[in-house]
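Numbered from 1 within each chain, the chains take letters A, B, ... in sequence-line order.
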There are 2 protein chains.
Amino acid sequence: MVARPAQRAQPRPPLTRDRVLRAAIQVADEHGIAALTMRRLAEVVGAEAMSLYHHVANKEQVLDGVVEMITTEINELVDAIDLPSAGTAWKAAMRQRILTARRVFLRHPWAPQVFESRSVLNAAVLKYHDGLVRIMRDGGFSNDLCHHALHALGSRALGFTQELFNPGGAAAGADTGADLSSMAAALPNLVGMLAEVVHDDPDSTLGWCDDQTEFEFGLDLLLDGLDRLRAQGS
Amino acid sequence: MVARPAQRAQPRPPLTRDRVLRAAIQVADEHGIAALTMRRLAEVVGAEAMSLYHHVANKEQVLDGVVEMITTEINELVDAIDLPSAGTAWKAAMRQRILTARRVFLRHPWAPQVFESRSVLNAAVLKYHDGLVRIMRDGGFSNDLCHHALHALGSRALGFTQELFNPGGAAAGADTGADLSSMAAALPNLVGMLAEVVHDDPDSTLGWCDDQTEFEFGLDLLLDGLDRLRAQGS
DNA sequence: ACCTGAACACCGTTCAAGT
DNA sequence: ACCTGAACACCGTTCAAGT
């Protein structure tokens with residue numbers, strides 16, 4: 001009666017906010033954001049759903065914390081970048097920063113949706129953008145142009161875009177292919193474009209585009225335009 | 001016993017998919033997207049929740065239908081635009097089309113989130129983009145450049161951006177102001193930028209930016225860059 | 001203090017039954 | 001055929017109670 005036998009082989013480490021948030025990211029990574037429920041989250045950390053509420057106020061705060069944790073990881077990576085940013089060098093510094101941040105989002109494909117659903121200003125996200133403004137100021141941007149630039153880049157500044165045309169589930173590819181050819185009459189320009197663009201991969205559809213290439217194309221289009229405005233002293 | 005008295009002053013018109021979708025848009029417009037539940041939707045059309053399932057398969061299909069209905073409205077507006085698009089005129093034609101579409105989204109601030117949550121290709125959305133490709137082709141774009149352009153524009157092609165920094169609820173403005181000044185040490189570049197950019201409106205914060213101005217700035221940056229690539233025959 | 005079982009007020013959706 | 005009440009399997013969250 002003195003020594004109670006351990007009920008589990010590995011006694012559960014005490015619950016903390018940090019452990020809860022880490023588990024939330026893990027659940028979303030493995031099963032998608034829809035699977036992230038308080039009950040499931042509790043299961044992963046080996047507790048009851050109601051125990052979570054001693055460490056986070058509610059589910060909204062879990063999502064806020066997840067955004068904070070991912071952005072903190074990004075901040076650590078980009079703070080380690082040591083690149084000149086004065087004058088024309090600003091563009092390369094900015095580009096590397098953004099593509100570094102993007103690599104984190106590629107590991108969390110559900111994260112863009114969560115980031116865009118938050119309406120509160122997050123300290124880590126602000127810190128990330130503060131770093132972007134520093135680079136642009138080093139490059140000779142006026143504060144006004146910095147401000148326009150942040151708006152123009154939008155989520156691209158953090159390394160992601162929300163694609164309007166997503167590849168759906170497993171069957172979506174085949175379905176879309178059939179739909180598209182039957183829609184050729186109604187969509188002559190789009191179908192003509194796709195026929196030419198994806199000709200080297202006959203199975204391709206809109207969903208099969210090279211996301212990285214397209215991300216960099218759009219990013220460079222914006223950075224080049226901003227550099228032109230910088231040069232003319234906007 | 002022959003003539004049963006009407007149970008309601010105005011007998012309810014028969015339920016249709018169209019009426020259900022219209023009611024969905026109305027509920028979201030008036031009470032936000034979170035208020036759009038099947039039970040509430042039924043209430044608005046004067047039926048029981050379960051009656052909705054005779055006209056739509058499920059809630060996902062309601063959201064798909066809402067996207068389709070809004071895009072159809074946009075298509076009607078942009079199809080009425082009669083603007084030349086050959087050669088350099090492409091840019092003005094594209095710009096007007098996109099800003100026209102944007103006006104529809106300004107009436108449905110919840111719609112961007114719904115559009116980006118859909119993963120299936122919608123016929124009306126494809127038709128809208130087909131029109132954009134036509135204009136770019138008229139302007140002399142290669143199919144390859146058209147394709148890059150659609151990706152680079154992303155949701156901006158349809159007239160909306162999802163802002164990462166949203167003005168929160170009513171109290172968010174004041175809170176944010178206090179937070180920002182206390183964060184000046186940690187965020188020198190961002191705070192410095194804001195101090196200068198919003199100096200003419202002392203109550204301003206990031207959330208108070210002129211969305212229309214910023215949208216057009218980002219759009220023109222992209223369109224100008226694309227025009228440059230078009231001119232050099234990419 | 002930290003954790004929990006039972007319960008509440010909601011969801012979307014199924015089913016069998018009404019007319 | 002169209003519509004409905006009751007019910008089911010989920011949610012997030014509250015509460016009173018355990019240690």
Side-chain angles (χ1 to χ4, degrees), chain A residues 1-8 10-24 27-28 31-67 110 113-114 117-120 169, chain B residues 1-8 10-24 27-28 31-67 110 113-114 117-120 169:
Chain A
M1 203 192 259
V2 173
R4 263 210 349 235
Q7 295 192 281
R8 293 163 183 271
Q10 65 276 45
R12 193 195 65 201
L15 226 50
T16 62
R17 183 183 122 97
D18 209 71
R19 265 175 41 79
V20 170
L21 298 182
R22 258 174 237 291
V27 168
H31 304 100
I33 191 65
L36 180 55
T37 68
M38 296 300 271
R39 283 173 168 85
R40 178 141 198 180
L41 191 47
E43 202 181 313
V44 169
V45 297
E48 297 299 312
M50 296 67 213
S51 304
L52 301 175
Y53 288 88
H54 289 278
H55 302 96
V56 290
N58 49 41
K59 189 179 177 181
E60 287 295 290
Q61 198 177 297
V62 172
L63 295 177
D64 285 339
V66 161
V67 167
W110 46 271
Q113 196 180 326
V114 175
S117 74
R118 308 291 82 201
S119 63
V120 260
Chain B
M1 202 191 259
V2 173
R4 263 211 348 237
Q7 295 190 280
R8 293 164 182 271
Q10 64 276 45
R12 194 195 65 201
L15 225 48
T16 62
R17 184 182 122 95
D18 209 70
R19 266 176 40 80
V20 170
L21 298 182
R22 258 175 237 291
V27 168
H31 303 99
I33 191 66
L36 180 56
T37 67
M38 296 300 271
R39 283 174 168 85
R40 179 140 196 178
L41 192 47
E43 201 180 313
V44 169
V45 297
E48 297 300 312
M50 296 66 213
S51 304
L52 301 175
Y53 288 87
H54 289 278
H55 301 95
V56 289
N58 48 42
K59 189 179 175 179
E60 287 295 290
Q61 198 176 299
V62 171
L63 295 177
D64 285 340
V66 162
V67 166
W110 47 270
Q113 196 180 326
V114 175
S117 74
R118 308 291 82 200
S119 63
V120 260

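- Between the C1' atom of dG12(C) and the CD atom of Q61(B) lies a distance of 14 Å, rounded to the nearest Å.
- Comparing dC11(D), dG12(C), dT4(D) by their closest approach to the side chain of K59(B) singles out dG12(C).
- Straight-line distance from the CE atom of M38(A) to the P atom of dT14(D): 10 Å, rounded to whole Å.
- Side chain of H55(A) to backbone of V20(A): no donor-acceptor contact under 3.5 angstrom is found.
- The minimum heavy-atom distance linking V45(B) with R19(B) is given by the pair O-NH2, 3.5 Å.
- Between A47(B) and L15(B), the shortest heavy-atom distance links the atoms CB-CD2, 4.1 Å.
- Counting all heavy atoms, side chain and backbone alike, L41(A) lies closest to A24(A) at CD1-N, 3.4 Å.
- One can place CZ of R40(A) at 9 Å from P of dC11(D), the figure rounded to the nearest angstrom.
- The list of salt bridge (Lys or Arg N to Asp or Glu O under 4.0 Å) pairs with a residue in residues 41-52 of chain B, not counting sequence neighbours, is empty.
- With sequence neighbours left out, L21(B) forms a side chain to side chain contact (heavy atoms under 4.5 Å, CB included) with R17(B), V62(B), M69(B).
- Taking atom CD on E48(B) and atom C1' on dC2(D), their separation rounds to 13 Å, with Å as the unit.
- With values rounded to the nearest 0.5 angstrom, L36(A) atom CG is found 9.5 Å from R40(A) atom CZ.
- For residues 50-58 of chain B, proximity to DNA chain D is found at M50(B), S51(B), H54(B), H55(B), defined as any non-hydrogen atom under 4.0 angstrom from a strand atom.
- DNA chain D contains the following stems of three or more consecutive Watson-Crick or G-U pairs, with both distances under 3.5 Å: C:4-8 with D:12-16, C:12-16 with D:4-8.
- Going from atom CD of E43(A) over to atom C1' of dT4(C) covers 16 Å, rounded to whole Å.
- When rounded to the nearest whole Å, the span between CG of L41(B) and C1' of dC11(C) equals 14 Å.
- Applying the salt bridge (Lys or Arg N to Asp or Glu O under 4.0 Å) test to every pair with at least one member in residues 49-64 of chain A, sequence neighbours left out, gives these pairs: E60(A)-R118(A), D64(A)-R118(A).
- Computed from coordinates, the E60(A) CD to dC11(D) C1' distance equals 14 Å when rounded to whole Å.
- Here dT4(C) presents its P atom at 14 Å from CZ of R39(A), a figure rounded to the nearest Å.
- R39(A) meets the side chain to side chain contact (heavy atoms under 4.5 Å, CB included) test with T37(A), A49(A); sequence neighbours excluded.
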